[in-house]
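Heads up, the thing below is written out as structure tokens.
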Amino acid sequence: MSALVSDVGTRTAVAAANLVKVYGKGDTAVRALDGVSVAFEAGKFTAIMGPSGSGKSTLMHCLAGLDNVDGGTVHIAGTEITSLGDKDLTKLRRDRIGFVFQAFNLLPTLSAEQNVLLGLELAGRKPDRAWFDTIVDVLGLRERLRHKPTELSGGQQQRVACARALVAKPDVVFADEPTGNLDSRSGAEVLDFLRMSVRKLGQTVIMVTHDPVAASYADRVVLLADGHLAGEIDNPTADSVLSALKHLGA
Amino acid sequence: MLRTILAGIKARTARLVLSSVAIALGVAFVTGTLVLGDAMSAGMREEFAKSARNVDFAVTMSGDAKGIGAEELAKIRRTPGVAGADPRGFVPVPLITSAGKAKPALAVPLGSTEKLREYDLSTGRYPASDNEVAVDVRTASTAKLTVGGPVTLLGKDEQKREFTLVGTYQQGVGEMSMSGADHLVLTPAAFQSFDPERLAYQAVGVAADGYTQQQVTDAVAKALEGTGLRVQTGEELTADTLRSISSQAAEFTAFLLAFAVIALVVAAMVIYNTFTILVAQRTRELALMRCVGASRKQVFRSVLAEAVVMGFAASVIGLFGGLGVSALLQQLIGGFVTGGASPSVQLPLTGTTVLAAFGVGVLVTVLAAVLPARRATRVPPVAALRSQPDSSEEVSRTGRLRVLLAVLLGVGGAGVIVLGLGLEEQAAMMVTGAGTMIVLAAVLVLGPLLVGPVNRALGVVPRALFGVPAKLASANAGRNPKRTAATTAALMIGVTIVAMVTVVANSAKETANAQIDERMPADYTVTSSVPSRLLPAELATQLAASPAVERVAPTAEVVGEGAYFVAVAQDSLGNLFRPKVESGSLADLKAGTIAVRSDYAKAEGLTVGSTKAVKTENGSGDLKVVAIVTGQRLGDGVVTLETAKALNPELAGYDSIMVKLKPGVADSRAAVEQVTDTSPLAVLDSAAETKEQLNKQLDQVLAFVWAMIGLAVVIALFGIANTLTLSVLERTRESALLRALGLTRGQLRLMLVVESVLMAVMGAAIGLVLGVGFGWVITTAVSTDAVAVVLTVPFGQIAAMLGAAVVAAVLAAALPARRAARTSVVAGMAEA
């Protein structure tokens, strides 16, 4: 209910209008996104869900400026990004977007701390030390800062990735199957943290997942099927998501 | 299995191409060298064919015989069965150029038996009268002589003799023409008039009809019995000469092959590295093969088969490239010899060469792939189920074994060097040289341990300049020390050798320059342009009379038995001629005394006060030793001109005349030339000019070596490009992550360029340190009391090498960087 009726002070963090993305040409062309229009509120945790091939990852790539679109527009905090060149897109990602990927989030040659601060360094920005400490403590990484990624468990690696995504205080954090490679306990920790960063720190998080349990941590779930928007669920539970997916024929 | 292998090669073509280039370059070098050797050998044979054609018997000097004179020749000609015989000999006859100066030339007599002539008429005719001459085609063009025109030759007593040029001839490619001397043919009588006492070194003849080679040879041998001359059949002569020709060509080929071996070693390292990386990257694929039932042996064979195919393909390219290399080398060497004239290029391709090309190419590739192939067999089938490991993680700890081996090699090498330092001259150089190569091997073994600290030290500069991308690059260069070490080692070898040769050559140059300064305190030195002709004595008097000249100091040479001495005017001692006195005093050097050089004194057991008996061609005498000296241009000792005259009454003229000018003479050279122009033999050298000439020669040698080793360096750079390309492929996901996090395309490219530069500079820096150190060791080894070699480090050239390494590294990174930057972020992330 709250997602559709704008509360006073709610802003749109990310908005897509009529997004079209086509892979291939001619007979083999696949419309991965076929006119998707969707808005993501600031300060909310939104999950994008859908069966395999529904276009959820493509949507995230397009929203985050990782991939170019064949039609439509994407706005991030008021900036139209589909017309930006590679350099500006890179700058935008660096300054205004945080990423948590499924795997290979960290550079093996850098320590945990260096990985966390990498984005800021690339931007040439000085880290906010107090903020850095807050994040590190919340994520329980204090003891691990000097370790190389190979010396960290999968869950720890994902928490380092979360810390890196948040340390620059981005307009939006995109998480692509952040728990896909984790056991359920480690996965729950990461999801807890993402939810907390939204509730307590006012962060905006958009997460792609195929796991109904993971989706249940979100404030809102956007359902995607065959490149079209196929509905949404506010305040989802694992059950409500599962039944909605079943409904989609997944 | 074969299908899998071929499919694998097809899929990895791009990755294999770069390493193939490395091996192809090595093979091209080997092929080029062998073809060149064959071409030279063929060239010499061609020349020889001219000297041995139609010869049925040959008489050569041996033992005590001083040569073949008119009497022996008459005996030969009188022998029944001899249809014709001709002497072979030559006389140095200076040729006067249009500038009025003499240049050395060799005259030979025209053979009376046409069949026996060693040259073929090109234009005109052979000389028929005693004032006619024919010259070699090349001489005609370099001395700008035309048929029908005059030719001036310098007679025995410096008198000019006019001849008419009646023809030119071709003497073929061979030793004579390669020596660069000008060549001319005179009638036997004219030839005789230049040196009536000259004996022929050989006589050749043809048999009359009805006589076999053996019969006529036996007959001539009988006729010459007791003369000590050796008589052989034409066939024996041919066999003898062929042997010496092949060994000469083989020596030169071996010299070039040494460079080819360096290139191949470097290429092998590149191949080894490539296969190591490929196997690491294919862990999952290999494991899958094991899962579906491939045996260890099959996995091993599949990797080796890939190497065989690659080696074979590279050898084919290398073989044809080698023909090009050979043509290039012939141009280069021919250019040196003929002074720019374009030499004829021959490309004989023998079966041996083809076999060697394929043998070397395939063998080196396969050997380089054996270790990686073995590693491939250790991949367990279960690895297929695990996620692809980052091959940078399989960095094995640098074992104690490695350190132990390095220490052993290092100590061994140092031992050999110390041993070599105790030896002298050539032996010292060879042994210390071998020692340095062992030390080089020690450093190579230690390589992976050096990468970390060297990388950290070198990374400081780019980190300060370029920030994050450089930091990442430095981390990447250091992430797999073994791989980085193997990549940089190839470059290191090349740079070490180049730096070593450069340091030694520059030290030699500086030493020679210092020697020139020492031995030429004079402003000018006048010498003879024709080595066998002395400067006339009156020239010294004329020079001394010139108003511009302060003093002159003529020198002569006294050739004794097994030794030669330098004779100088007594009044030039201590001013224009100043050897270092170890004991005794030069003030005592007058008629009947001698100052001997220290090492000769040591060898002969002479001290101040002892007596030295000297015997020359025309006289002898006992000389009292008054001083032991060291320095340059002393021969085995120094005597005064009076002593020289006493020892050799026929001594007429000087070897050189040193000239010191009065201060403030405006155009000094012109002042001296005014006097020397009267003598066609006199050549004027100033210390500066001598240095310049010498430096030019050394620089040419150095340039040649640079060019030869340059190939190894090029191969090493291909190795860097190759490693970088493979690493980029391996790190596709990582690059994509960095791009997602905000690394711009430019920064990504910069990162790879810096990584490339770091690797190149690492190899170059270690190589330079080693090379300079080795150069120091070798110069110390060859340095003696008499010739103290000054270590000279050519900082300019070293900086140039480093600069070149940086530029080359940037080029090497160009393609991989382009490729990495072009990969889209999403595609990169999707890469398994």
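So that the names make sense, note that chain A is the first sequence line, chain B the second, and so on, each numbered from 1.
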Inter-residue atom distance L110(A).CG - K471(B).NZ, 0.5 Å rounding: 6.5 Å
CZ/R745(B): more than 12 non-hydrogen atoms of other groups inside 6.0 Å: yes
Close approach to chain A in residues 759-767 of chain B, criterion heavy atom under 4.5 Å: none
Per-residue contacts, residues 90-98 of chain A versus chain B, heavy atoms under 4.5 Å: T90(A), R93(A), R94(A)
Derivation of the side chain to side chain contact (heavy atoms under 4.5 Å, CB included) call for L118(A) and L743(B): CA-CA 10 Å; L118(A) 182 62; L743(B) 194 74; over 6 Å; no
Smallest separation among heavy atoms of A740(B) and F101(A), with atom names: CB-CZ, 3.8 Å
Residue L465(B) excluded, over 12 heavy atoms near CG under 6.0 Å: yes
Considering all heavy atoms, the nearest G742(B)-L122(A) contact: C-CD1, 4.0 Å
R129(A) atom CZ, neighbour heavy-atom count above 12 within 6.0 Å: yes
Residue among D67(A), L107(A), D86(A) with most heavy-atom pairs under 4.5 Å to chain B: D86(A)
Pairwise side-chain contact, L737(B) with L106(A), heavy-atom cut-off 4.5 Å (strictly under): no
Nearest-0.5 Å distance, CD of residue E121(A) to CG of residue L741(B): 12.0 Å
Partner set under side-chain contact (heavy atoms from CB on, under 4.5 Å) for T73(A), not counting sequence neighbours: A17(A), H75(A), E80(A), T82(A)
For E177(A), all residues meeting side-chain contact (heavy atoms from CB on, under 4.5 Å), sequence neighbours excluded: K56(A), Q102(A), T209(A), H210(A)
